[in-house]
Every structure is written in structure tokens, then in C-alpha cells.
Colleague: 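Pasting a structure below so you can have a look.
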There are 2 protein chains.
Amino acid sequence: MKRVTMADVAKEAGVSKSTVSQYLNQRYEFMGEKTKKRIEEAIGKLGYQPNMVARSLKQKSSTTIGVIVANISHEFSTRIIQAIEAQFHQADYHVIVCNAEDKPEKEKKYIDMLLAKQVDGLIIFPTSTNVNVYNELNLQDFPLVFLDRSVPEVDVPTIMLDNKQAACLAVQELYQKGYEMLGILTNSTEYNVTPRVERIEGFKQACRKYGLPVQEKFIQGVALENMTEKIHSIMIGEDPPDALVAGNDLVLMEILTYARDHHLRIPEDLAIIGIDDISFASIYNPAITTIAQPVEKMGHKAATLLISKIAKQKQTQDEIVRFPATLISRSSC
Amino acid sequence: MKRVTMADVAKEAGVSKSTVSQYLNQRYEFMGEKTKKRIEEAIGKLGYQPNMVARSLKQKSSTTIGVIVANISHEFSTRIIQAIEAQFHQADYHVIVCNAEDKPEKEKKYIDMLLAKQVDGLIIFPTSTNVNVYNELNLQDFPLVFLDRSVPEVDVPTIMLDNKQAACLAVQELYQKGYEMLGILTNSTEYNVTPRVERIEGFKQACRKYGLPVQEKFIQGVALENMTEKIHSIMIGEDPPDALVAGNDLVLMEILTYARDHHLRIPEDLAIIGIDDISFASIYNPAITTIAQPVEKMGHKAATLLISKIAKQKQTQDEIVRFPATLISRSSC
DNA sequence: ATGAAAGCGCTAACAA
DNA sequence: TTGTTAGCGCTTTCAT
């Protein structure tokens, strides 16, 4: 497994390394046709492959960026990563994806590793606890973009859903369908994760707007492990809600599982709307109404934003870009 | 954004670069306590972060491996990638994931890019058309492992499902539930993609074993775009099958969508078993029986195998490791 | 116990 | 038009 280097090509072609380098970097301007041809042949004959590591060392750019996702198990995460990857692939960048599993220490560790690998930029779904780390990066003018969540203390361009509007859309739909006592369930709000907090807030605002009662006991941010239990306590109480908003795909699964296990008919016994349009919502029986994030657009935007930051094109950047959610109305409510 | 180098640390600590390097690589043996302390302090003070690119250039190892997945849109792909990533993370490797989108040219391009980046190894879901490329890698003793699909012409360790057994399991379950006319649908078999071909083969063998009729018209490998049409032609024909095996998750979605649109009751009008246990199968109404791949085990095995290959520990390696599928029986059939 | 120096494969002035 | 040379930041003999 011996690698062919530029020197080998140079020797084979009877020219110097620099000439080969010129050739590889398309600086043909002052290059003789015959030289070009000979280098071309030498490369072909030896099966030369440039060594990006050496190139990176010199150029101080790895044409690689890192994505640190808070939790890969949401369909939203994998889908937006695909969109991001597609965009960077076009720009000839590679993407290293890291899953922080909602753990700030892991996030920190990944940031360090990625920086050590000289990535040219970072897209982070921030856990909020590493504020000093983010600020440090920012101070050094390191290309950084936040996704999905915002960190008020840090001045970094952020791509996220208009969460309040999303929750509002859900409430509106339920209101219009005639439901009167709504609830919303999200993952734990312990760490003030933006989407959860904002969706709950939007939910409340919308309820007030439509004159619906706001029952705190039906508005819960609770860890997934305890979700079933929480749902149960809500549903067996006096005057249970007639409609529930699922804060994300995983919560939706919990609710559907509960509904099935307890023979709740959807939407007769309980109407459901899920925030995040997941693949099976449309084929579920009955089809589940959802609030969709414009995932591709968001991934695309995050990627192009980072690319432009890397290119130092200090183009005017809105600090936070909020994308609108759309309602995908189906039979479940 | 000025990076601190080893030279800076050396100066700050009043020692030479080599000593700092020793320190970083834990070669403390002959190092004075005071020197150690001073280097430690200098690193802390300057906030030094080693440059992995420089290190990689010297060491000829990037502590990065590449995974080229044939098609990321299968839940199987994303889940097994997670398992692989988890394993490499433990070994302090980074993983670059590339999606070949079932296109051999893209696969080839990714292989070249990853090699240029000096990845230490590759896990590939092979498209079969790049046989010469695989052989070249193999010839050079480049650490390579195949996943999900085998390539007969190439002698590379391969981790895959025991596809025949999987299909057999599906048929057995349907047979035992009393179904008599079975069919199986997979993605296009045009390129002889191992799982599709083998699942069909296993299906046929099992049907014969149980004395069930083998109707070629109910055994189809067809592109996803044309799946609905194909299902329709099968179901409206004379004596349609009373049970269908879905070759993978995407096919299952197609069948379920069709069933819903045409008001086929499951399992009364049509029983269904899906190969690949996807998250929503259990909460579907009715719950869908599936054949599960031991995804985590497979990812783990692929990763450890590659790691051991990288470590040149020429441990005895079975050329192809086939993992058994398991039946997850639910109400749908 | 620590330092000097060579070199990994490439790029980019600057010479020629 | 092409070659010479000096690094990029690190590791690793080999001296000292």
C-alpha cells in the first residue's frame, strides 16, 4: 500500500513538483501543451491521487465541516442533515456528523475534536450549556451557524422554525375542527430547549387568542421515559383534553402508542396533531395531521450561510432566520 | 483567528518542540516533573489545541474512516450508521458518511475523495458495478469492509443479513397463519442487489418447502416509482394473493399506502409482513409483523472488523458474516 | 532528561 | 514557461 506522491509524478513526467502542482490546480496559463500532456500521462500511468491532508496543512483548510446534532433520533435531524450534506457536497466539502446525545460534555468534546481536525466551519444544534465555548469560537471569527435552537447569550446566525407560529397553527386547526380542551406534550423543558419552550408558549398564546381554556396540567414538558405515565395521568383525570399537540415525532409515537394500548379512537376520543411531519403520518390509520418544518429549505439555508461565512463574504446576515411551519391537514382531527 | 502551535507552547514553557511532543504523546518516562508542569501550564495558558492535520500528515493516519451507504433513505441505513459511529467514537475515530444514492459513479467519486483525505478505512454498501475499484483497494491492502450486500467477484469481509432465512421466516409465519397465496415485492432487481435477489430466492424456496404455490407474477422486483402500479395490477387480477411480503421499509410504505387508498383491510383482505423492523410498525393499526435485522450487532461487527483490519491485526476473519433475522409477530397477519 | 534536525506531501513566492 | 526553495505543524531518530 505505497502511495504515489507528487514527486513521483514529477519525476515520471520529467518536470518539477511545482509544475505538477500548477497543473493540478488548473493554473494552465503559462504551461506548455506538451508539459501538460506529459503530466497527464504520468498521473494516469502511476494512478496518482493527491493527498488532501498535506494540502490541508498548507492551505489551512480541510474542505470539511462538522455538524453536531443534539439528538440524531429525531427524523427531523436525519432529514436536515441530508439536506445539509447535499449542499456541501455541491461545494466539494465533506461533512462529519456527530451526535451529542443531548449531552453538553459530548458536544464540547466533539467541538474540540473537530477543531483539532481543522474543520472549516461548524453547524451546531446547541445544548445551551456551552455558552463560553460558543463565544470563544465567535470571538475567533470561526464560521459557526446554529440550527434548530437559539442561544440568547451568543451572537451567532441561527436557522430555526418559527415555533410559536407552528404551535399556533396546530391550535388553530384544532379550534376550527371544534375541539375545546387542548393539551400539549413535549420532551423535558428542564434545559429550556428553544423549540420546546417556544412551542409551549405559542400554544398558550394561541389558546388565549381563540378563547380556549389554558390548563397548565395539560401542558407538560416531560422526559420521554415518563411520557406514558404522564399521558395516563392526564387522560384518566376529570375532564381530560379532547385534543393533544405532540411536541415532536417521538412524543407523537408515545401518544399513538398510548392511544392504541388504551383503545382510544382517534380522533373521536382524542384528536392529535404532531409537530414535525414524519413519514408515516400520512399512512397511519387514520392519517395524522401534522405541522411540517421546511426541512430542506432550512438545511439548505444553514449550509449556504456557513459556506458564505467560510468564504469570508461578510454578506449581511440576519441573526436569526425563522422558517414558517405549514399545516398538513389529514383526517385525524 | 490565530492558532497556537506547538512552537508557541515550547517557547512559553522554555523547552523544545520535541519535548512538548513527548508530553502530548504521554512519553513521560524521562521527563522531569518540573518540565511536565511547565508544559502543562503553557498549554493551559495559551489554550493550545494540537493540529490533527499536521499529525496525520506525519503519521499517515487520519483517525477517520468513511462509510459509503448505497441509499440513506432506508431506516436500516441510518440506524446501522449510528451503530457504526458509536463504535468508532469509542476508538476515537471520526466517521464521514457519504450517500451514493445507488449511483456507482457517485460511489466511485466518494471513494476517491475519501482516499484523498487519507481515511484509514472504508465501510461500503457496494453497488457492485465498481468491482475493479474494490479489487484495487483490496490489492493495496486497504482496510475495507462490505455491508448489507456482497460482491462475489471481490474478496472482502462482508457483514450482511441472512436474507434467505429472513424471507423464509416471513413465509413460515404466513403459512402458519393459514395464508395460501403469497407474493413478495422488492425494489428493482435490475442490478442484482444482494438482499433483493436473495430475499426473493429465499421466498421461493420457503414456499416450495411449505407446499405453497410459487406464482412468478406475485414475485416482483420493481422500481419504487412504479410500485403502486405494480401492486394494483397484482391486486386486481384473478385470484390475487392473500398475503404480501414487503422487501424493505420503503416497499412496506407503498403497500400500506395502497391498502389504505383502496380500502383493503389488513390482514383480512391482505396480510402483510415487512422485512426490516421499522419504528412505526408496532404502533400501526393493526400492528405490522416484521422481520428484524440485528442492526446494532451488525453495525458493531462491521466497525470492530474494520478497526481490527486497520490495526493490521490479521485476526482470522470469516469472509462473509451472515446475521440471522428475527420474527416480530404482531397482529397484521 | 532534553534538543536539533530531518521530513511527511503539498503550495506559493520568487528566480531563472 | 518552469524550477528552486521555504515553509505548513507535527513526530522521531539521534545527539548531547
Side-chain angles (χ1 to χ4, degrees), chain A residues 1-40 42-43 46-64 112-120, chain B residues 1-40 42-43 46-64 112-120:
Chain A
M1 173 89 210
K2 56 172 316 193
R3 293 212 143 280
V4 180
T5 97
M6 231 175 63
D8 299 324
V9 176
K11 179 133 50 87
E12 176 74 25
V15 297
S16 79
K17 283 197 302 170
S18 13
T19 309
V20 178
S21 177
Q22 306 281 43
Y23 173 85
L24 290 171
N25 294 295
Q26 331 259 3
R27 306 283 314 137
Y28 301 134
E29 337 209 328
F30 305 112
M31 196 174 302
E33 267 307 319
K34 51 295 179 63
T35 336
K36 214 148 97 177
K37 194 128 261 156
R38 289 168 60 204
I39 296 178
E40 202 171 298
I43 290 179
L46 303 177
Y48 169 71
Q49 298 271 147
N51 181 331
M52 287 290 290
V53 173
R55 173 174 237 268
S56 297
L57 178 59
K58 182 72 193 180
Q59 314 263 256
K60 290 157 171 324
S61 155
S62 55
T63 59
T64 301
D112 288 343
M113 286 183 82
L114 291 169
L115 288 181
K117 288 218 168 152
Q118 311 294 107
V119 292
D120 297 339
Chain B
M1 174 93 208
K2 57 172 316 190
R3 293 211 143 283
V4 180
T5 93
M6 231 174 65
D8 299 324
V9 176
K11 178 133 52 87
E12 175 75 25
V15 298
S16 77
K17 286 196 300 170
S18 9
T19 310
V20 177
S21 178
Q22 308 280 43
Y23 173 85
L24 290 171
N25 294 296
Q26 331 260 1
R27 305 285 310 139
Y28 302 134
E29 337 208 325
F30 303 113
M31 198 175 303
E33 267 307 318
K34 45 319 182 38
T35 334
K36 213 149 94 177
K37 195 130 259 156
R38 289 168 60 205
I39 294 178
E40 200 170 297
I43 289 178
L46 301 178
Y48 169 72
Q49 297 271 147
N51 181 331
M52 288 291 289
V53 172
R55 173 173 238 266
S56 296
L57 179 60
K58 185 74 192 177
Q59 314 264 254
K60 291 157 171 324
S61 153
S62 55
T63 58
T64 301
D112 288 343
M113 286 182 81
L114 291 168
L115 289 181
K117 287 218 168 150
Q118 312 293 107
V119 292
D120 297 340

Colleague: For atom NZ of K11(A), decide whether the heavy atoms of other residues, nucleotides or ligands shown that lie under 6.0 angstrom number more than 12.
Modeller: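 Not buried by this count: 12 neighbours or fewer within 6.0 Å.
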Colleague: Expressed in angstrom and rounded to an integer, what is the separation of M6(B) atom CE from dA4(C) atom P?
Modeller: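 After rounding, the gap between these two atoms is 13 Å.
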Colleague: Heavy atoms only, 4.0 Å cut-off, all strands: where does Y23(B) land among base, sugar-phosphate and nothing?
Modeller: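 Result for Y23(B) = nothing.
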Colleague: Round to the nearest Å and state the distance from N25(A) atom CG to dT2(D) atom C1'.
Modeller: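 About 16 Å, once rounded to whole Å.
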Colleague: Look at all strands and tell whether K60(B) reaches a base, only sugar-phosphate, or nothing, counting heavy atoms closer than 4.0 Å.
Modeller: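 Answer is sugar-phosphate: K60(B) comes under 4.0 Å of backbone atoms only.
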Colleague: As a test of reading the structure: which of dT2(C), dG3(D), dT11(D) is closest to the side chain of S16(A), going by heavy atoms?
Modeller: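 Of the options given, the side chain of S16(A) lies nearest dG3(D).
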Colleague: Check this one for me: any side-chain N or O of T5(B) less than 4.0 Å away from OP1 or OP2 of dC8(D)?
Modeller: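 Result: no.
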Colleague: Can you see which heavy atom on T63(A) is nearest to which on K117(B), and at what distance?
Modeller: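 Closest heavy-atom pair between T63(A) and K117(B): O-NZ, 2.8 Å.
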Colleague: How close or far is atom P of dC10(C) from atom CZ of R55(A), stated in whole angstroms?
Modeller: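 Spelled out: CZ on R55(A) to P on dC10(C) is 10 Å.
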Colleague: Can you measure E33(A) atom CD to dT2(D) atom P for me and round it to whole angstrom units?
Modeller: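 Going from CD in E33(A) over to P in dT2(D) covers 10 Å.
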Colleague: Rounded to whole angstroms, how far apart are CD on Q118(B) and P on dC8(C)?
Modeller: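 Result: 14 Å.
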Colleague: Using a cut-off of 4.0 Å on non-hydrogen atoms, how would the nucleic acid contact of S21(B) be classed: base, sugar-phosphate, or nothing?
Modeller: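 Base, at least one base atom sits under 4.0 Å.
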Colleague: Please report the closest heavy-atom contact between Q118(A) and S62(A), naming both atoms and the distance.
Modeller: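 So the minimum-distance heavy-atom pair works out to O-OG, 2.6 Å.
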Colleague: Using whole Å, what does the distance between atom P of nucleotide dT11(D) and atom CE of M52(B) come to?
Modeller: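 After rounding, the gap between these two atoms is 9 Å.
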Colleague: Which is more 5' along DNA chain C, the nucleotide nearest K17(B) or the one nearest L24(A)? Just name the residue.
Modeller: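 Of the two residues, K17(B) wins.
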Colleague: Can a donor-acceptor pair be found, under 3.5 Å and without considering hydrogens, that links the side chain of S21(A) to the backbone of K17(A)?
Modeller: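 It does not hold such a pair.
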Colleague: Would you kindly give the CG-to-P distance between L57(A) and dG7(D), to the nearest whole Å?
Modeller: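 Taking atom P of dG7(D) as the reference, CG of L57(A) is at 14 Å.
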Colleague: Is K36(B) paired with E33(B) through a side-chain N to carboxylate O contact shorter than 4.0 Å?
Modeller: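 Here E33(B) pairs with K36(B) in a salt bridge, since their nearest N and O are under 4.0 Å apart.
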Colleague: Which one, dG9(C), dT11(D), dG3(D), comes nearest to the side chain of T19(A)?
Modeller: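 Of all the options, the side chain of T19(A) is nearest to dG3(D).
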Colleague: By nearest atom, which of the nucleotides dT11(C), dC10(D), dT1(D) is closest to the Q59(A) side chain?
Modeller: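 Shortest atom-to-atom distance from the side chain points to dT11(C).
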Colleague: Base, sugar-phosphate, or nothing for S56(B), non-hydrogen atoms under 4.0 angstrom?
Modeller: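 The residue S56(B) makes no contact with any strand.
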Colleague: Quick check on DNA chain C: between V15(B) and K58(B), whose nearest nucleotide comes earlier from the 5' end?
Modeller: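 Checking each residue's closest nucleotide, the 5'-ward one belongs to V15(B).
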Colleague: Tell me which nucleotide among dT1(D), dT11(D), dC10(C) gets nearest to the side chain of Y48(A).
Modeller: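 Shortest atom-to-atom distance from the side chain points to dC10(C).
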Colleague: Under 4.0 angstrom, heavy atoms only, what part of the nucleic acid is S18(B) near: base, sugar-phosphate, or nothing?
Modeller: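 It contacts base atoms.
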Colleague: Can you tell me how far C1' of dC8(D) sits from CG of D8(B), to the nearest Å?
Modeller: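 Whole-Å distance recorded here is 13 Å.
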